[in-house]
J.: 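A single structure is presented below for examination.
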Protein chains: 2
Amino acid sequence: MSETRWLTACEQEVWRAFITAADGLTDQLARQLQRDSGMPYTYYEILVALSEAPERTLRMSELAGARGSSRSRLSHAVARLEEVGWVRRRTCPTDKRGSFAVLTDKGYSALEAAAPGHVTEVREKLFDVLTPQQVEQLGEISRAILRGLGAPTPHCPVE
Amino acid sequence: MSETRWLTACEQEVWRAFITAADGLTDQLARQLQRDSGMPYTYYEILVALSEAPERTLRMSELAGARGSSRSRLSHAVARLEEVGWVRRRTCPTDKRGSFAVLTDKGYSALEAAAPGHVTEVREKLFDVLTPQQVEQLGEISRAILRGLGAPTPHCPVE
DNA sequence: CGGGCATGGTTGAGAGTTCAACCAGTACAC
DNA sequence: GTGTACTGGTTGAACTCTCAACCATGCCCG
């Protein structure tokens, strides 16, 4: 156990700015979604993941792994989403332990309704305040952090 | 109501990388704190804020405002911190509505015990994976975001 | 085949956050 | 002073998340 490598004054300043900004930003986005569309941010992410999947269907575990969500959290969340009719569960025929989550039409509509407001918020609060160069830098920095977290995905699900 | 300005593929990639990284990082930090020190991240922040205040004392509202916490949240949190003996409430003599939160010695010790592990995590997961130049860039970017959020504080509480 | 063991997913309790409603206590005007 | 509005803070219910315990099914080896 070696000595603690404390932060320099400069580092501390950057750290606080970063954590405050990141936190404030996600908070703002979550609040906007909840207010305008009545869904928490994590649920929005689930709907997005499903909407991009073939057949709008994913295994529970894939859905959980897609973003760092625990199985438990996902299970609760999907239960809730099923209640409001945005998602349906379907058991896997080949492996009777498994479950699929399927995005319903109603869920797709809800997502379509929520997306513009969300995207607008992201644009205004993030991209509009950064220069193109900074956007690029932020991409690099984010990927570096992800590597450091052992996140195996500098994924580019966009094409 | 104008049309939605959607994200380009490139922006979308940056956005996902950023949100995943920021989220993963805070998640990791919160987890480390909870595991090693038995306190949620927000409570840690409260203790830090109090420890830096004169007399280790702050008005509830100042404490809430210091980071973007709601009055309600803070009230619940301080109630919990009082239970474990890390903070004490004291009523304000000049304004009988007001309350002070005071960090106890026990609370200060808990903070001292928690800090090294937390700082180590921040260093390893953030500063160790970035170049000095990237750290500087991240500072700029964070401040830009904060300005965009209307956060009045590009504050430098370090000195 | 039968006994471990890993895997996919669910469940329930406990904890933190949010939202709206709610007290005081203060300030300000009439 | 009394009425009104505002401010500082608390409370309770609803909701999400976490953690650990738990089924059920699949897998593999003797």
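All figures in this text were calculated on a predicted structure; none of them were measured in a lab.
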J.: Closest heavy-atom contact between A:Arg73 and A:Ser70?
T.: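 Shortest heavy-atom separation between A:Arg73 and A:Ser70 comes out as N-OG, 3.0 Å.
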
J.: Need to verify one output field. Residue with the more 5' nearest nucleotide on DNA chain D, B:Gly98 or B:Arg31?
T.: B:Gly98

J.: Would you kindly compare B:Thr94 and A:Arg59 by the position of their nearest DNA chain C nucleotide and give the one closer to the 5′ end?
T.: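 In this pair, the answer is A:Arg59.
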
J.: Would you mind reading off the distance between B:Gln34 atom CD and D:dC17 atom P, rounded to a whole angstrom?
T.: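 Taking CD of B:Gln34 and P of D:dC17, I get 16 Å after rounding.
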
J.: When all nucleic acid strands are considered with a 4.0 Å heavy-atom cut-off, which category describes A:Ser75: base, sugar-phosphate, or nothing?
T.: base

J.: Distance check needed: D:dG9 P versus B:Asp95 CG, whole Å only.
T.: 8 Å

J.: Looking across every strand, which nucleic acid part, if any, lies under 4.0 Å from B:Ser61 by heavy atom: base, sugar-phosphate, or nothing?
T.: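 Sugar-phosphate: the residue B:Ser61, judged by heavy atoms under 4.0 Å, touches backbone atoms but no base.
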
J.: Looking at the base of D:dT11, is there any donor atom on it, or on the side chain of B:Ser72, that sits under 3.5 Å from an acceptor on the other one?
T.: yes

J.: If you only use heavy atoms from C-beta on, which nucleotide in D:dT18, D:dC17, D:dG9 is closest to the side chain of B:Ser99?
T.: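 The nucleotide sitting nearest to the side chain is D:dG9.
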
J.: Would you indicate which nucleotide in C:dT26, D:dA24, C:dT18 comes nearest to any side-chain atom of A:Arg97?
T.: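 Out of C:dT26, D:dA24, C:dT18, the nucleotide with an atom closest to A:Arg97's side chain is D:dA24.
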
J.: Classify the nucleic acid contact of B:Arg35 as base, sugar-phosphate or nothing, counting any heavy atom under 4.0 Å across all strands shown.
T.: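 Here B:Arg35 touches no strand at all.
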
J.: Could one point to a donor on the side chain of A:His76 or the base of C:dG9 with an acceptor on the other under 3.5 Å away?
T.: no

J.: Mind calculating the distance between CG (A:Asp23) and P (C:dG16) to the nearest angstrom?
T.: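 Interatomic distance, CG of A:Asp23 to P of C:dG16: 17 Å.
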
J.: I need the full list of side-chain hydrogen bond (donor to acceptor under 3.5 Å, both in side chains) pairs touching residues 54-66 of chain A, with sequence neighbours left out, sorted by first then second residue.
T.: none

J.: Closest to the B:Arg71 side chain: C:dA13, D:dG12, D:dG8?
T.: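 So the nucleotide nearest the side chain must be D:dG8.
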
J.: Any idea which of D:dT18, D:dG26, D:dT16 is nearest the A:Tyr43 side chain?
T.: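 In terms of side-chain proximity for A:Tyr43, the closest of D:dT18, D:dG26, D:dT16 is D:dT16.
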
J.: Reckon A:Phe100 touches a base, only the sugar-phosphate, or nothing at all at heavy-atom distances under 4.0 Å?
T.: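 Touches nothing.
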
J.: From CG of B:Asp27 over to P of D:dC17, roughly how many Å is that when rounded to an integer?
T.: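 So the two atoms are 12 Å apart, to the nearest Å.
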
J.: Figure out the CD/P separation between B:Glu82 and C:dG16, and round it to whole Å.
T.: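 So the two atoms are 15 Å apart, to the nearest Å.
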
J.: Starting at atom CG of B:Leu58, determine the distance to atom C1' of D:dG8, rounded to an integer number of angstrom.
T.: 15 Å

J.: Parallel, tilted or perpendicular for B:Phe18 and A:Phe18, by the 30°/60° rule?
T.: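 B:Phe18 and A:Phe18: perpendicular rings.
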
J.: Rounded to the nearest 0.5 Å, what's the gap from CZ on B:Arg88 to CZ on B:Phe100? Could you check?
T.: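 Answer for the CZ-CZ pair, B:Arg88 versus B:Phe100, is 13.0 Å.
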
J.: I need the CG-P distance between A:Leu74 and D:dC19, as an integer number of Å.
T.: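 Computing the A:Leu74:CG to D:dC19:P distance gives 16 Å.
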
J.: Below the 4.0 Å mark, does C:dG16 have OP1 or OP2 next to a side-chain nitrogen or oxygen of B:Arg73?
T.: no

J.: Check the distance between D:dA14's P and A:Arg80's CZ and give it to me in whole angstrom.
T.: 12 Å

J.: Do B:Leu33 and B:Tyr43 belong together in a cluster built from hydrophobic side chains that touch within less than 4.5 Å?
T.: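 Result: yes, single cluster for both.
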
